[in-house]
Amino acid sequence: MSAPRLRFAPSPTGYLHVGGARTALFNWLYAKKTGGTFLLRIEDTDRARSTDESTQAIFEGLTWLGLTWDEDVVFQGANVERHRNDAYRLLETGAAYRDFTTAAELDRMRQEAESRGGQFRFDRPMAELPPGEMALRLERGDPHTIRFQVPPGATEWTDMVHDTISFPNKDIDDFIILRSDGTPIYNHAVVSDDIAMGITVVRWGDDHISNTPKQILLYEALGAALPTFAHLPMIHGMDGKKLSKRHGATAVGDYQHLGILPQAMNNFLALLGWSPGGDREVMTRDEMVELFSSDGMLKKAAVFDNKKLEWMNGQHMAHGPIEALELYLRPFLIAAGLATEATLAARREWWLGLLELLRLRARTVNELVEQCRPYFLDEVAYDPDAAAKQWKDRAATAELLRTLRDRLAEVAWDATAMEDALRQLAEARGVGVGKLFQPMRVALTGVAATPGIFDVLLAIGRERSLARLDAAATHLAE
RNA sequence: GGCGGUAUCGUCUAGGGGACUAGGACACAGCCCUCUCAAGGCUGGAACACGGGUUCGAAUCCCGUUACCGCUACCA
């Protein structure tokens, strides 16, 4: 058996949705796992709704996630000629027929059926014309659609996640494959393209289950080999309803800007509807490829939980390779005006050390950047809450900070020396070290939550630390 | 309405006839660690939708019911 070929085929009618991203991910994972090929096809046949911005957003989203495609992007709109030819081929073999019923007539019949409380079914004999009439209308150039003639029997397939799914053909209406303006309908365009692209495995959302029998019928009528199908469960919001804008961020780009790591996003998305079995959760992408198997696919829709995504992100930030994190973080740091490529390169060792301290206590890249602030910038913004809590008595705190400054100015700038000095001071004053450390922490960083105080002092540096203690004392004395 | 799909803690899930007193993770609560915040460790509450079968034995297999979702377009 030759290597599988898979595709992700979004329509460019909006941003790249997390549901789409997950579909892409599972196609990608499957391709990587089996040594197959992963392709991208943009389904832009709906001209009215398709936009170039959406196409760009899809490219950017997939690239950010690292789900790169192996061959040139296919634009469905470029293949309309083939779609049309395939439709005419079906017409010739008798698998399809011309239907001169107009859209208006169809509408009317549908409404009538509904008002009678029944449901509309397309009636094949209704479209049949008396002898000679067909030729006349064709001659006249009357607009008409091409409809697929659904054969009797049943259509079933072995789904990679659902096992056998079967539809009685009588429940499938003869469906249009070519509109009266000569453009193809979705199902037909997809099948024509999938055949042309040599797609052997179709994995997409559950919402396509009722499209699949129609597509199988088309494959058979076109004389093409069937791909294997896999229908992935949907993703819902916390209210159990289909994920939509109401639920807040749903675009992949949103999460990128919220400071989620692509690796964490992939990991989180993979666990929605798939499990490697056992208790395994945090995985690198290589590990996911290694562990991936269609056997682990679930059939149930999953709910997107932002809290767990953030946790997952924290795990990847804290435990992933620090070089990769640093590389990813750099543009954010620069954009925030904290540093430049040059300043980071000049103090690389210091910077990596600081990152090692801070990455454990942030859940998003954006949080991490904020935490970096006091170590990069000269001026410190005192957090009002922290100041109110740690600097209750202004005069006493000012005195304390000056004392601390003077004491620190006398000792060697290493953790042991500083700790000895400060513990002695605390003892002399008959207070716990926290009474000294907390006000100082706010003076140095502006906030009440940081790494250990000696790490902070070391990271900020001698001159700057002493200056900050002075500045805070002055600020408090005013 | 018809057709199809699905059902384990609030959420993500493990489990696929006996190992189940149903395991892990997120979230929540408490404790420990501790100079703060995290991280980490420990503890707690929390689920097999319901009803019938099959079987010595069912979360697991079968049927039905219910609920939810999808499709039912000259949308994709």
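Below, chains carry the letters A, B, ... as their sequence lines are ordered, and counting in each starts from 1. Atom set for the values below is all heavy atoms of this structure, side chains included, hydrogens, waters and symmetry mates excluded.
- Rounded to a whole Å, the CZ atom of A:Arg363 is 6 Å from the P atom of B:rA39.
- Put simply, the side chain of A:Thr450 and the base of B:rC37 share no donor and acceptor less than 3.5 Å apart.
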| Intermediate values then yes/no, ring pair (Phe, Tyr, Trp, His ring centres under 6.0 Å), A:Trp311 and A:Phe268 | CA-CA 10 Å; A:Trp311 169 79; A:Phe268 176 73; 9.7 Å; no

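- Applying the Watson-Crick and G-U wobble criteria (two distances, each under 3.5 Å), B:rA22 pairs with nothing in any strand.
- As judged by a 4.0 angstrom heavy-atom cut-off over every strand, A:Pro143 is placed among residues making no nucleic acid contact.
- Across all strands shown, A:His231 has no heavy atoms under 4.0 Å from either base or sugar-phosphate atoms.
- B:rA59 makes up no base pair with any nucleotide shown, lacking Watson-Crick or G-U wobble contacts both under 3.5 Å.
- Residue A:Thr102 has its side chain nearest to B:rC74 when only B:rU36, B:rC74, B:rA76 are considered.
- If you check every strand for non-hydrogen atoms under 4.0 Å, A:Asp99 touches nothing.
- Using the Watson-Crick or G-U wobble rule with both distances under 3.5 Å, B:rG2 pairs with B:rC71.
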| said: Go through it in stages, so that I can follow the logic: the residues are A:Phe292 and A:Trp274, the test is ring pair (Phe, Tyr, Trp, His ring centres under 6.0 Å), and I'd like the CA-CA distance, side-chain angles, deciding distance and then a yes or no. | reply: CA-CA 9 Å; A:Phe292 189 75; A:Trp274 174 72; 5.4 Å; yes

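- Of all heavy-atom pairs between A:Ala96 and A:Leu91, the closest is O-CD1, 3.5 Å.
- The side chain of A:Ile209 approaches B:rG5 more closely than any other nucleotide in the set B:rA76, B:rA27, B:rG5.
- Backbone-only engagement by A:Phe167 is indicated by non-hydrogen atom pairs under 4.0 Å involving sugar-phosphate atoms exclusively.
- The CG atom of A:Leu338 sits 7.0 Å away from atom SG of A:Cys372, with the distance rounded to the nearest 0.5 Å.
- Base engagement by A:Ile453 is indicated by at least one non-hydrogen atom pair under 4.0 Å involving a base atom.
- Base pairing of B:rC42 is made with B:rG30, judged by Watson-Crick or G-U wobble geometry with both donor-acceptor distances under 3.5 Å.
- One N or O donor and one acceptor, one from the side chain of A:Lys308 and one from the base of B:rA25, sit under 3.5 Å apart.
- Nearest-nucleotide positions on RNA chain B for A:Thr145 and A:Arg22 put A:Arg22 closer to the 5' end.
- A:Gln315 comes within 4.0 angstrom of the backbone, heavy atoms only, and of no base.
- Both distances falling under 3.5 Å, in either a Watson-Crick or a G-U wobble arrangement, place B:rA7 opposite B:rU66.
- Checking A:Met234 against A:Gly452, the closest nucleotide of RNA chain B that is more toward the 5' end is the one next to A:Gly452.
- Between the side chain of A:Asp159 and the main chain of A:Val161, a donor-acceptor pair closer than 3.5 Å is present.
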